[in-house]
Amino acid sequence: MTQDDRIEVPDSGSGVPVSGPTESYDVHAVQEKWLPVWDAIDPFRARDDSSAPRRYILDMFPYPSGDLHMGHAEAFAIGDVVARYAFARGYDVLHPIGWDSFGLPAENAAIKRDAHPADWTYANIETQAASFRRYAISFDWSRRLHTSDPEYYRWTQWLFLRLYERGLAYRKASAVNWCPVDQTVLANEQVVAGACERCGATVTKKNLTQWYFRITEYAQRLLDDMVALEGHWPDRVLTMQRNWVGRSTGAYVDFVVEPTGAGGVELDSRTVSVFTTRPDTLFGATFFVVAADSPLAAELCAPASRDALQSYREQVARLSDIDRMSTEREKTGVFLGRWVRNPVNDEAIPVWAADYVLSEYGTGAIMAVPAHDQRDMDFARTFSLPARVVVDTGGPDPEQTGNATTGDGVHVNSGLLDGTDKATGIARITEWLVENGHGRAATTYRLRDWLVSRQRFWGAPIPIVHCPGCGEVPVPDEDLPVRLPDLRGTDLAPRGVSPLAAASEWVSVACPRCGRNAQRDTDTMDTFVDSSWYYLRYCSPHDDQQPFDPAAVRRWMPVAQYVGGVEHAILHLLYSRFITKVLHDLGRIDFTEPFAALLNQGQVINEGRSMSKSLGNGVDLGRQIEIYGVDAVRLTMVFAGPPEDDIDWADVSPAGSLKFLTRAWRVATEVTSEPGTDPAGGDPGLRTATHRTIRDVTLAVESARFNVAVARLMELVTAARRAIDTGNGAHDPAVREAAEAVAVMLSLVAPYTAEEMWSRLGRPAPVARSGWPTLDPSLLAEETVTAVVQVAGRVRDRLQVPATISEQELRGRALASPAIIRALDGREVGRVVVRAPRVVNVVPA
RNA sequence: GCCCCCGUAGCCCAACGCAGAGGCAGACCCCUUAAAAGGGUCCCAGUGUGGGUUCGAGUCCCACCGGGGGCACCA
């Protein structure tokens, strides 16, 4: 801070209290006083110069659904503690804000009001921005971005094209969610309990050609790179990501298809592979199942079974995902009139089609081993198919109980595997399969490619032109952005295709390659694409030549601390990690993980339940702020408990928070010593308390135990209060030292109160840039400490001893203690464990 | 069904080998004509249950009970 940076502030006292002790703390006046001052100082702009170490603190950017709510208040209060601490420690901090402003709610609002989605979107953004300002989050407002701005989505389109060039963006036909009433494709999020969220109709599947990102190509790296995140990301997020990627190892096994079906010879000989994690149970395969909806089912189906398969498929298509996935459900299926030969024993086993086999996973076909897989057992029981035990686990016989055994054991009825255990069996059979050309070891993933196209208007148009001559043609970079046409109101109503398709002038375009009449792709991108790279854009948000300046990205990335809700544990974080790796492979960035550390804050609930309109238990953030003020709401959020825990608003007390803030403020107003007074002569007890608090708060903040940090500050305020009332009084320089330390440390949580305290203490704004209190370790040292003396682990005496006492000396004093002699009650002293200077444990013989 | 996390005063939450830091609620006192605000004092648990390891366990191990979360026809 230089003299020039100081600006005049409205008079409300400086240093010496003008009014008497009856002056009360007016939180709202203090808010109104400092807001314009901070606007003028602009203390949180990222300097981005080379002198100071940098820290990039990022909050997950909000969707502009309306005004900020309690959930935002918690998340951003916590993120702000992290950011303001970094500022206080002198880092060059990047703490930006923006809006994830594409998405369906804007479209629905536009249809309802016969307006443009942008109207609703940008009005909400302004509302939220104003609320953020009042909520005093330490943003660098100069870097604000909105994903719905053409200046932003231009680069989202650029990103799409880079993936397209690498073969990582492609189109394929697949079954997607379809609402038969609204005649539209639905995103997964729009399907609630198997029904359309708009009209309630049962959602079915429809085959459509859609755009995908080939995230599956990165499955292994997404797993491997998590090692670097261990300890810095919550374990449960890492677990969820691992589950989602779902790696499993096993083998592909080739079965030979019998040309002779249930009606004669009508197929060429061929093989069909299955994936299995238990190739060692191959001798126990008693039938074979293909996914009913796969092309393979049709191909393998004997002519005599075609009608049966057809009607079964129709039956399956009518089921919602919810019903189909239910594990309670009876197994269904149909025999295809076909047999395949098991390569290990040349046994012909029947081929069935069923919906418990998924066409998208593995090869869409399985070998069924009822004795050692419960799903196969259930199917076998339903259709009276045989089971054969090939692993003796020592448990009850699956053929009798109907319970498959999956544990380790000894192989039986398994030829070359007999006598081996599970691991050996897997290794041996895999080797055999390879040697005999019947299969190979394999790894598969549950992760699917990312479906990115949406038949929606309010998103980034996919920058592809479809030309009758050239096929798919990417829009040249220099023609970006492909801007959205001006559609509004009922133009946006769903009608089976993207609303963009109806904008015929917009759709019609000259092919960038051959110049002939061609058509734009009419889909828009999933909004998760927008948010998969925004953290890079903040590094150079106004660059109109490139999505991000590599030098700026090198300076700031990766994000040092990312803060957001656990609801994004999988999708957003996985997509961002994927895009980061792609950009790394493209040579655009030199790191492979975007977020070095992640903090998930909990939810704000009320009376044990999440807040909702239907429950009528919502708490309005604006109202809370009206009653208690911004600082008290922020303090309540931070003090309620560990940041990752949920906060039940019924369990916490914003009134109590306000009371504490008032106490802190009053201490500052009463200080009478001059700024800069040397605290050396002050009350040693209070000085020690101050410096211990500095130590503890520092440690607590750095380990994200913000609630503990606040508790320590409360103690120090109490100590300062006591020093004023019953110690040397308000003129004691130690009181000033304590008050200043409180002001600075409290500024992470309660910036208005802290600024007002700082001002009353005669210091220039902003407190946020005044540095962190300096710890004087010499003041921490206690001359005497309390040593606990235990007899058989029970505390029997406490001794005041020098902190530097030797083990010998402490042992001697402990054994001489009358209380200990009494506690020993005549017993002989056995062991004496001494941990100087704190604990002695005397163990009777 | 599988995996993970968590059970500390009436409630929310702390705790290096000393179970209570802090807050809420409660009781009382001071200030006040009174109330509110403010200042202060006090009350309250042996850590879900049962074992084990250890000189010593809220902290480590096992089982069970209770709560929360994740995954779940992924072969």
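This one's a predicted model, so the numbers in the text were calculated from it and none came from an experiment. Proteins come first, then strands; the chains are lettered A, B, ... in the order of their sequence lines, and each starts at number 1.
- The residue A:N243 sits close only to the backbone: its heavy atoms come under 4.0 Å of sugar-phosphate atoms, none of a base.
- Base orientation of B:rG48: anti, the glycosidic angle falling outside 90° of 0.
- Distance from the side chain of A:M714 is smallest for B:rG23 among the nucleotides B:rG56, B:rG23, B:rA75.
- For the P atom pair drawn from B:rU59 and B:rG7, the interatomic distance equals 10 Å after rounding to whole Å.
- Counting any heavy atom pair closer than 4.0 Å across all strands shown, A:R721 reaches sugar-phosphate atoms only and no base atom.
- Salt bridge status for A:E756 with A:R760: present, with a side-chain N to carboxylate O gap under 4.0 Å.
- Using a 4.0 Å cut-off between a side-chain N of Lys or Arg and a carboxylate O of Asp or Glu, A:R692 and A:D696 do not qualify as a salt bridge.
- Spacing between atom CG of A:D373 and atom P of B:rC73 amounts to 13 Å, rounded to whole angstrom units.
- Ranking B:rU41, B:rA75, B:rC18 by closeness to the A:R722 side chain, first place goes to B:rU41.
- Straight-line distance from the CG atom of A:D651 to the C1' atom of B:rC12: 6 Å, rounded to whole Å.
- Note: CZ (A:R692) to C1' (B:rA21) measures 13 Å, nearest angstrom.
- Across all strands shown, B:rC16 forms no Watson-Crick or G-U wobble pair with both key distances under 3.5 Å.
- Using atom P as the reference point in both B:rG10 and B:rU53, the two lie 32 Å apart (nearest Å).
- Residue-level contact check: A:V788 touches the bases, meaning some heavy atom is under 4.0 Å from a base atom.
- Using a 30° and 60° split on the angle between ring planes, A:Y356 and A:F379 fall in the tilted class, from 30° to 60°.
- Under the rule for a side chain to side chain contact (heavy atoms under 4.5 Å, CB included), the partners of A:S703 that lie at least two apart in sequence or sit in another chain are A:R705.
- Between A:R663 atom CZ and B:rG23 atom P the separation is 7 Å, expressed in whole Å.
- Which of B:rA14, B:rC55, B:rG38 sits closest to the side chain of A:V833 comes down to B:rC55.
- The base-pairing partner of B:rC71, taking Watson-Crick or G-U wobble contacts with both distances under 3.5 Å, is B:rG1.
- When the nucleotides B:rA72, B:rC18, B:rG23 are ranked by their closest atom to the side chain of A:R446, B:rA72 comes out on top.
- Across all strands shown, A:V652 has no heavy atoms under 4.0 Å from either base or sugar-phosphate atoms.
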Could you go through A:L223 and A:Y445, starting from their C-alpha distance and side-chain angles, then the distance that decides it, and tell me whether this counts as side chain to side chain contact (heavy atoms under 4.5 Å, CB included)?
CA-CA 11 Å; A:L223 287 176; A:Y445 303 88; 4.1 Å; yes

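- Between the side chain of A:R835 and the base of B:rG17, at least one donor-acceptor pair of N or O atoms lies under 3.5 Å.
- Only the P atoms considered, B:rG66 is 25 Å distant from B:rA72, to the nearest whole Å.
- Nucleotide B:rC43: unpaired (no Watson-Crick or G-U wobble partner with both distances less than 3.5 Å).
- Atom CZ of A:R236 and atom P of B:rC3 are 19 Å apart (whole Å).
- On the P atoms, B:rG56 is 39 Å away from B:rG69, given to the nearest whole Å.
- Nucleotides B:rA25 and B:rA34 place their P atoms 24 Å apart, quoted to the nearest Å.
- Residue contacts shown for A:R705 are limited to sugar-phosphate atoms, with no base heavy atom under 4.0 Å away.
- Nearest to the side-chain atoms of A:T276 among the listed nucleotides B:rC55, B:rA14, B:rA75 stands B:rA75.
- Each of B:rG22, B:rA75, B:rC71 was ranked by its minimum atom distance to the side chain of A:F275; first place goes to B:rA75.
- Here the side chain of A:V843 is nearest to one of B:rG22, B:rC73, B:rC55, namely B:rC55.
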Verdict with reasoning, A:V749 to A:V81, per side chain to side chain contact (heavy atoms under 4.5 Å, CB included)
CA-CA 6 Å; A:V749 185; A:V81 172; 4.1 Å; yes

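- Taking the nucleotide of RNA chain B with the nearest heavy atom to each of A:G793 and A:K659, the more 5' of the two is matched to A:K659.
- Between A:L238 and A:M240 the shortest side-chain heavy-atom distance does not fall below 4.5 Å.
- The side chain of A:P642 sits closest to B:rC13 out of B:rA75, B:rC13, B:rG40.
- Checked against B:rG22, B:rG40, B:rC73, the side chain of A:K331 finds its nearest nucleotide in B:rC73.
- Between A:E644 and A:R236 there is no salt bridge, since no side-chain N of the basic residue sits under 4.0 Å from a carboxylate O of the acidic one.
- At the heavy-atom level, A:S653 lies under 4.0 Å from the strands shown only through sugar-phosphate atoms.
- Distance A:Q790 CD to B:rG46 P: 20 Å, rounded to the nearest Å.
- A gap of 29 Å separates the P atoms of B:rC44 and B:rA35, to the nearest Å.
- A:W352 places its CH2 atom 22 Å from the P atom of B:rC73, with the value rounded to the nearest Å.
- Ion pairing between A:E670 and A:R663 fails under the 4.0 Å rule for side-chain N and carboxylate O.
- Rounded to the nearest Å, the gap between the P atom of B:rU49 and that of B:rA9 is 10 Å.
- The side chain of A:M240 sits closest to B:rG70 out of B:rA72, B:rA75, B:rG70.
- An OP1 or OP2 oxygen of B:rG38 is reached within less than 4.0 angstrom by no side-chain nitrogen or oxygen of A:S24.
- Nucleic acid contact class of A:S657 (heavy atoms, under 4.0 Å, all strands): none.
- For B:rA9, there is no paired base (Watson-Crick or G-U wobble, both distances below 3.5 Å).
- Each of A:R448 and A:A711 was assigned the nucleotide of RNA chain B with the nearest heavy atom; the assignment lying further toward the 5' end belongs to A:A711.
- In this structure B:rA35 sits in no base pair that meets the Watson-Crick or G-U test at under 3.5 Å.
- When rounded to the nearest whole Å, the span between CZ of A:R831 and C1' of B:rG56 equals 10 Å.
- Nucleotide B:rA21 is matched to nothing when pairs are restricted to Watson-Crick or G-U wobble geometry with both distances under 3.5 angstrom.
- The gap from the C1' atom of B:rG40 to that of B:rG46 amounts to 29 Å, rounded to the nearest Å.
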